[in-house]
**Q** 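First, the structure itself, so that you have it in front of you.
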Amino acid sequence: MAKAAAGSGTIRKKTVTRSGKQYTYWEARYTAGYDPGTGKQIQRSVTGKTQKEVAQKLKAVTAALDAGTYIAPSKMTVGEWLDIWQRDYLGGVKPRTVDTYKALVRVRIRPALGAIRLEALNAHTIQQFYNGLPLSPKSVKNVHGVLHRALAKAVRIGYIRFNPADACELPRIERKELRPLDEKETRAFLAAIQGHRFETLYKVTLFTGLREGEVLGLKWDRVDFQRGTLLIDRQLQQPRQGDRDYFLASTKSGRARTVTPAPWVMDLLKHHRADQAKQRLKMGSLWAGEDYVFTDEFGCHLTQPAVYHAYKKVVASIGRSDARFHDLRHSYAVAAIRAGDDIKTVQGNLGHATASFTLDVYGHVTDQMKKDSAARMDGYIKKVLGL
């Protein structure tokens, strides 16, 4: 009889009894190859709660065997699996995120855990690794996110039965106090940028709450003057920090949103477009013609470092050298909430996934609004009672 092909397998339902209790699961046994010494089949298995789950795992193993990329789970190290995961399973991830994942694997995860057999990796080993990292709580969480995601894929494929990173405890992240520009600082900021080359860009950011990449990636075909709206569905990014080439990527949430700025902002953009048209005529054939709203004198998109460094000089001049560009976004959100905008509207304008996240970030603002409301009610009560 001919030998069974590597990767062929059968699926069956199994019931076992452990400590007097029955457990039912599905198992697929497959031929992983042949022992070179004896010629006997090397049989392995994958398991799962449902027949469909096991069938998917078996299909993935078979594909790896056919492609010649299969590594027996009993021999695979964490480092080998991370190589496979980075190469084959990050196709749907944004390029900059992929770079971040690979850097964390190369610098943090592989040196500490790479030599351990994947099947032998346990929660305590991972916990000790996390505890020994000389990083901030947020950075430890980032490392955990990458490792957990890689191990979760190994579970789904069937290389390991469970994710050992599930049981790990992460250090508590203390949310930094937001320091948006208050009204006095906002007036000083607006005075400081009068006549500045990025004056309109800074004003649009301050009064719309757009992220830096979103405002830099805004094109005129996304500006609807008739409806008074901006379509925010892209952001300008660098593939890697320091790269000169930029590209348009999806927004941080991956979803498009329509923002309706104040009419004053739309008028500001109309004037800006007219000024840009004059510059285009002046430059003639030298104009890049990329259709970005905010450009340099040749019509090319602006770069993040140029905008950021100029911004830092401005805020330093008004005594707020600590202010980040992102604080313009926070300043918009706080001003909108204090002006009476409901949280759902603010959430939509900012592009947050949920209103609860917006409340979590800006809860201190709503707390103050509640106190103001209580004070107004107290005044009303005293007026009614003649106190």
**Q** Could you walk me through whether Phe225 and Arg273 pass the side chain to side chain contact (heavy atoms under 4.5 Å, CB included) test, one step at a time?
**A** CA-CA 11 Å; Phe225 287 109; Arg273 185 172 64 168; 3.6 Å; yes
**Q** Could you pull out the closest heavy-atom pair between Val314 and Ala192, with the gap in Å?
**A** CG1-CB, 3.9 Å
**Q** Measure from the side-chain N and O atoms of Thr100 to the backbone N and O of Arg96, and report whether any donor-acceptor pair falls under 3.5 Å.
**A** yes
**Q** Does the side chain of Glu53 come within less than 4.5 Å of Trp26's, by heavy atoms?
**A** no
**Q** With a cut-off of 3.5 Å and sequence neighbours excluded, list every side-chain donor-acceptor pair involving residues 258-268.
**A**
none

**Q** Is a side-chain donor or acceptor of Lys57 paired with a backbone partner of Thr47 at a separation under 3.5 angstrom?
**A** yes
**Q** Check whether more than 12 heavy atoms from other residues, nucleotides or ligands sit under 6.0 Å from atom NZ of Lys141, and answer yes or no.
**A** no
**Q** If hydrophobic clusters are built from ILVMFWY residues whose side chains come within less than 4.5 Å, do Phe207 and Leu231 share one?
**A** no
**Q** Does Val46 reach the side chain of Tyr159, with side-chain heavy atoms less than 4.5 Å apart?
**A** no
**Q** Hey, mind stepping through Asp83 and Arg106 against salt bridge (Lys or Arg N to Asp or Glu O under 4.0 Å) and telling me if it holds?
**A** CA-CA 10 Å; Asp83 289 342; Arg106 183 180 69 255; over 6 Å; no
**Q** Ignoring hydrogens and angles, tell me if any N or O in the side chain of Glu290 forms a donor-acceptor pair with the backbone of His301 under 3.5 Å.
**A** yes
**Q** In plain terms, say whether Arg197 and Asp296 are close enough for a salt bridge, that is, a side-chain N and a carboxylate O under 4.0 Å apart.
**A** no
**Q** Nearest 0.5 Å, please: how far is OG1 in Thr186 from CG in Leu181?
**A** 4.5 Å
**Q** Are any of the side-chain heavy atoms of Ile116 and Leu113 separated by less than 4.5 Å?
**A** yes
**Q** Working to the nearest 0.5 Å, report the span between CD of Glu27 and CD1 of Ile11.
**A** 10.5 Å
**Q** Calculate, to the nearest 0.5 Å, the distance between atoms CZ and CZ belonging to Arg44 and Arg29 respectively.
**A** 10.0 Å
**Q** Whether the side chain of Thr345 engages the backbone of Asp341 through a donor-acceptor N/O pair (distance < 3.5 Å, no angle test) should be reported.
**A** no
**Q** Taking Gln347 for the side chain and His352 for the main chain, is one N or O donor matched with an acceptor at less than 3.5 Å?
**A** yes
**Q** Should the pair Arg320-Asp322 be classified as a salt bridge under the 4.0 Å nitrogen-to-oxygen rule?
**A** yes
**Q** Which heavy atom in Lys312 sits nearest to a heavy atom in Ala323, and how many Å separate them?
**A** NZ-O, 2.9 Å
**Q** Any ion pair linking Asp327 and Arg324 (charged N to carboxylate O, less than 4.0 Å)?
**A** yes
**Q** Go through the steps for Phe189 and Glu185 under the test side chain to side chain contact (heavy atoms under 4.5 Å, CB included), then give the verdict.
**A** CA-CA 6 Å; Phe189 176 76; Glu185 291 167 338; over 6 Å; no
**Q** Does Leu170 belong to the same Ile/Leu/Val/Met/Phe/Trp/Tyr cluster as Ile173, with side-chain heavy atoms less than 4.5 Å apart forming each link?
**A** no
**Q** Starting from the C-alpha separation in whole Å, work towards a yes-or-no answer on side chain to side chain contact (heavy atoms under 4.5 Å, CB included) for Thr24 and Lys14.
**A** CA-CA 6 Å; Thr24 300; Lys14 297 186 70 175; over 6 Å; no
**Q** Atom NE2 of His144 and atom CG of Leu133: how far apart are they, to the nearest 0.5 Å?
**A** 12.5 Å
**Q** Quick one: closest heavy-atom pair of Thr31 and Leu65, and the distance?
**A** O-CD1, 3.8 Å
**Q** Just by modelled atom types, is the Leu135 backbone N or O under 3.5 Å from a matching donor or acceptor in the Ser139 side chain?
**A** no
**Q** Sequence neighbours excluded, which residues qualify as side-chain hydrogen bond (donor to acceptor under 3.5 Å, both in side chains) partners of Ser285?
**A** none
**Q** Could you tell me the separation between the OG1 atom of Thr208 and the CG atom of Asn349, rounded to the nearest 0.5 Å?
**A** 9.0 Å
**Q** Looking only at atom types and distance, does a side-chain atom of Tyr30 sit under 3.5 Å from a main-chain N or O of Leu58, one as donor and one as acceptor?
**A** no
**Q** Per the salt bridge (Lys or Arg N to Asp or Glu O under 4.0 Å) rule, what does the pair list look like for residues 249-263, sequence neighbours excluded?
**A** Glu214-Arg257
**Q** Side-chain contact test, heavy atoms from C-beta onward, threshold under 4.5 Å: evaluate it for Tyr89 versus Ile157 and give yes or no.
**A** yes
**Q** Name the one of Tyr292, Phe198, Phe294 that satisfies ring-ring contact (aromatic ring centres under 6.0 Å, His included) with His272?
**A** Phe294
**Q** Given the rule that I, L, V, M, F, W and Y join up when any side-chain heavy atoms are under 4.5 Å apart, are Tyr308 and Ile318 in one cluster?
**A** yes
**Q** I'd like to know if Lys382 and Asp378 make a salt bridge, using a cut-off of under 4.0 Å between side-chain N and carboxylate O.
**A** yes
**Q** Does a side-chain heavy-atom distance below 4.5 Å link Thr295 with Gln276?
**A** yes
**Q** Looking at every heavy atom in both Leu151 and Ile160, which two are closest together, and how far apart are they?
**A** O-CD1, 3.8 Å
**Q** Looking only at heavy atoms, what is the nearest atom pair of Ala150 and Trp81, with distance?
**A** O-NE1, 2.8 Å
**Q** Between the main-chain N or O of Lys282 and the side-chain N or O of Trp287, is there a donor-acceptor pair closer than 3.5 Å?
**A** no
**Q** State, yes or no, whether a side-chain contact exists between Glu169 and Tyr130 at a heavy-atom distance under 4.5 Å.
**A** no
**Q** Taking the six-membered ring for Trp and the full ring for Phe, Tyr or His, determine whether the centres of Tyr311 and Phe325 are under 6.0 Å apart.
**A** yes
**Q** Test of understanding: clusters of I, L, V, M, F, W, Y form through side-chain heavy atoms closer than 4.5 Å, transitively. Do Val78 and Phe162 belong to the same one?
**A** no
**Q** Using 0.5 Å steps for rounding, measure from the CG atom of Leu230 to the CG atom of Asp233.
**A** 11.0 Å
**Q** Between Gln127 and Ala123 (side chain of the first, backbone of the second, donor and acceptor by atom type, cut-off under 3.5 Å), is there such a pair?
**A** no
**Q** With side chains defined as the heavy atoms from C-beta onward, is the minimum distance between Tyr25 and Val16 less than 4.5 Å?
**A** yes
**Q** Do Leu82 and Val107 belong together in a cluster built from hydrophobic side chains that touch within less than 4.5 Å?
**A** no
**Q** Backbone N or O of Gln56 within a donor-acceptor pair of the Arg156 side chain at under 3.5 Å?
**A** no
**Q** Would you say NE2 of His124 has more than 12 non-hydrogen atoms from neighbouring residues, nucleotides or ligands within 6.0 angstrom?
**A** no
**Q** Hey, mind stepping through Leu248 and Lys219 against side chain to side chain contact (heavy atoms under 4.5 Å, CB included) and telling me if it holds?
**A** CA-CA 11 Å; Leu248 285 171; Lys219 288 194 172 187; 4.0 Å; yes
**Q** Can you check whether Thr303 reaches Leu236 side chain to side chain, under 4.5 Å on heavy atoms?
**A** no
**Q** Closest approach of Gln235 and Thr251, non-hydrogen atoms and distance?
**A** NE2-C, 3.5 Å
